[in-house]
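What follows is a short report on a single structure.
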Amino acid sequence: MGWTQIYTPLGNNLLLSSIAALIPILYFFWALAIKRMKGHTAGLTTLLIALVLAVFVYGIPAEKAVMSASQGAVYGLLPIGWIIVTSVFLYKLTVKTGQFDVIRSSVLSITDDRRLQALLIAFSFGAFLEGAAGFGAPVAISAALLVGLGFNPLYAAGICLIANTAPVAFGAIGIPIIAVEGPTGIPAMDISKMVGRQLPFLSVFIPFYLIVIMSGFRRSLEVLPAILVSGVSFAATQYVSSNFLGPELPDILSAIVSLVALAVFLKFWKPKTTFRFPGEKEAAAAAEARQEKQERTYSAGRILKAWTPFLLLTAMVSIWGIPAVKEALTGHYQGANPFLLFINEIGSRLSFAPGVPFLNNEILDGAGKPLEALYKLDLLGSAGTAILLAAVLTKFITAVSWKEWGSVFVDTLKELRKPVLTIASVVGFAYVTNSSGMSTTLGMSLAMTGAMFSFFSPVLGWLGVFITGSDTSANLLFGSLQKVTASSVGMEPVLAVAANSSGGVTGKMISPQSIAVACAAVGLAGKESDLLRFTVKHSLFLLLLVCIITFLQHHAFSWMIP
């Protein structure tokens, strides 16, 4: 029996309905930031509150609400949880085999300054992983690398979450922008151009902002030349690629250009003083001595071998992201390539998308359109499987035994039990809010801002990413609403849709999924509240910047709109 979503269940009053829809979100903030609950406890109780509101306020049948939560939980396990498990496993494998000591030395040979290491790994390398994979892999891998270099785990996680702001809109080979073309009817290339005329401003600013957070304003000026090389090279490439090539490659190209430009620059320029975190100064002299010794000991071939696991990860994830390959891996390839047809046969056997019982096409949105609800189980097509393949190849390169390899994998699974539970519960919460109509209620409230909508438009994207953990999902959730509202208030629809994506990137760092992923990667399971408190103020500040940019582009710089 079908059920139609009602967006104003409380006496047809949008304000009261919005307050009800806000309760689970406000509770989650309170549970983590104030009460400091463990992540899995906060996630599970937030899910429970959302279920109660969905059933007793929004009127969704209980079985549909529960099955919606199960759909989200499955998505939290695959692909998101699978990516986290395999990412952390690969990192632990490099530690177990001694490869990470060599990796650490190679980074130190470029610079032992913590500020510059953050630019290289958190900003540039993280952006590359975002462009190639998305779904938490950038933060998981980058944060683990920084911790291995000696960063405080909380700082490493927080810095990587903030650094991951600029590339999110073009993540996973441009999926957030490509996906929103369907529901809005606006060409992906036009949206790509508009986002590429907003985010480069953040891309220039983020590296400087990161270093200010780490070391303060004065110490940031000491490395200003490196910051400019990192940010300007990234932003310029992001603008050119998004405006002339499309949404698929901006992250990958920008990251490579930024990484290479900064590494080459640091061969000819060094800061006058080396920055380390408090507590590291005592060990500074010994660390420098070890660095000099390691630089003499490790040959170029040895360093290349140590980096091979992450080079393989990059290669595998990039291959998995190629559209034709991804289609074959999920059993949807329609071309004539014999090899891809062979892969397609395997992929079709390992891809399952059964309808969710009591839910699939049984919920109608406000326009009477049935909503599809599937358990999407792409076992071969998940980026986590690509990372696992990199780990298998690493086993042969490092000559570790299958017993040790398996032991590390089992230890990783044990360590990530609670973080994965946290991820499953918060994604379940996101799906419940979507199925019940609570997300749409909140979107409608912001759309009531009228002439100020150009300022508040990015807030919809921010809210969507906070709820769903995905810029793609936020664009699909609010893209059409952005277009319709923009047209009614005299705003260019392409600007509003782009603002949804650009505003969404600032919500990624406080999304419950992202917080859980980052804590899992650096061994801070149960400390999600501390990380949220670290990132929330930065999220709101960067959101404000995007709101101002969008407002100015609508009122003063409309020539920037394609």
Side-chain angles (χ1 to χ4, degrees), residues 38-41 43-44 73 76-104 121 129 133 135-157 160 305-314 316-317 379 382-427 513-528 530-531:
K38 293 186 181 300
H40 64 281
T41 303
L44 289 170
L77 296 174
L78 183 76
I80 300 173
W82 183 227
I83 290 173
I84 303 312
V85 168
T86 53
S87 297
V88 174
F89 169 53
L90 183 65
Y91 164 70
K92 287 183 173 295
L93 202 58
T94 64
V95 174
K96 178 73 173 179
T97 58
Q99 304 304 312
F100 198 84
D101 289 336
V102 184
I103 291 174
R104 184 177 186 277
I121 295 174
L129 293 173
F135 293 104
V139 172
I141 292 293
S142 301
L145 282 169
L146 289 182
V147 170
L149 288 171
F151 277 62
N152 174 281
L154 179 66
Y155 247 79
C160 287
K305 179 182 177 181
W307 273 100
T308 297
F310 294 102
L311 294 176
L312 288 170
L313 175 147
T314 300
M316 293 298 102
V317 166
L379 302 181
S382 170
T385 303
I387 299 171
L388 181 65
L389 179 57
V392 171
L393 295 174
T394 296
K395 176 254 183 275
F396 294 103
I397 291 169
T398 58
V400 65
S401 69
W402 279 116
K403 182 178 180 180
E404 287 182 298
W405 190 92
S407 175
V408 174
F409 187 73
V410 171
D411 289 344
T412 302
L413 288 175
K414 290 179 179 178
E415 182 180 319
L416 296 180
R417 291 194 310 272
K418 289 183 179 179
V420 169
L421 175 60
T422 302
I423 293 168
S425 62
V426 296
V427 181
Q513 295 178 39
S514 299
I515 294 290
V517 165
C519 285
V522 298
L524 287 179
K527 299 291 185 181
E528 290 83 1
D530 294 336
L531 186 55

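Computed from a predicted structure; not experimentally measured.
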Flag side-chain contact, heavy atom, 4.5 Å: [X] against [Y]:
X	Y	answer
Leu312	Ile397	yes
Cys160	Leu146	yes
Leu421	Leu44	yes
Leu413	Val85	yes

Would the distance check show the side chain of Ser407 and the main-chain N or O of Lys403 forming a donor-acceptor pair, the cut-off being under 3.5 Å? no

For residues [X] and [Y], report the shortest heavy-atom separation together with the two atoms involved.
X	Y	result
Val522	Ala144	CG1-N, 4.4 Å
Ala390	Pro309	CB-O, 4.3 Å
Thr86	Leu388	CG2-CB, 3.9 Å
Lys92	Val408	CB-CG1, 3.8 Å
Leu90	Ala391	CD1-CA, 3.7 Å
Leu93	Thr97	O-OG1, 2.9 Å

What verdict does the side chain to side chain contact (heavy atoms under 4.5 Å, CB included) test give for Trp405 and Phe89, after you've listed the backbone C-alpha separation in whole Å, the side-chain angles of each residue and the deciding distance to 0.1 Å? CA-CA 9 Å; Trp405 190 92; Phe89 169 53; 3.5 Å; yes

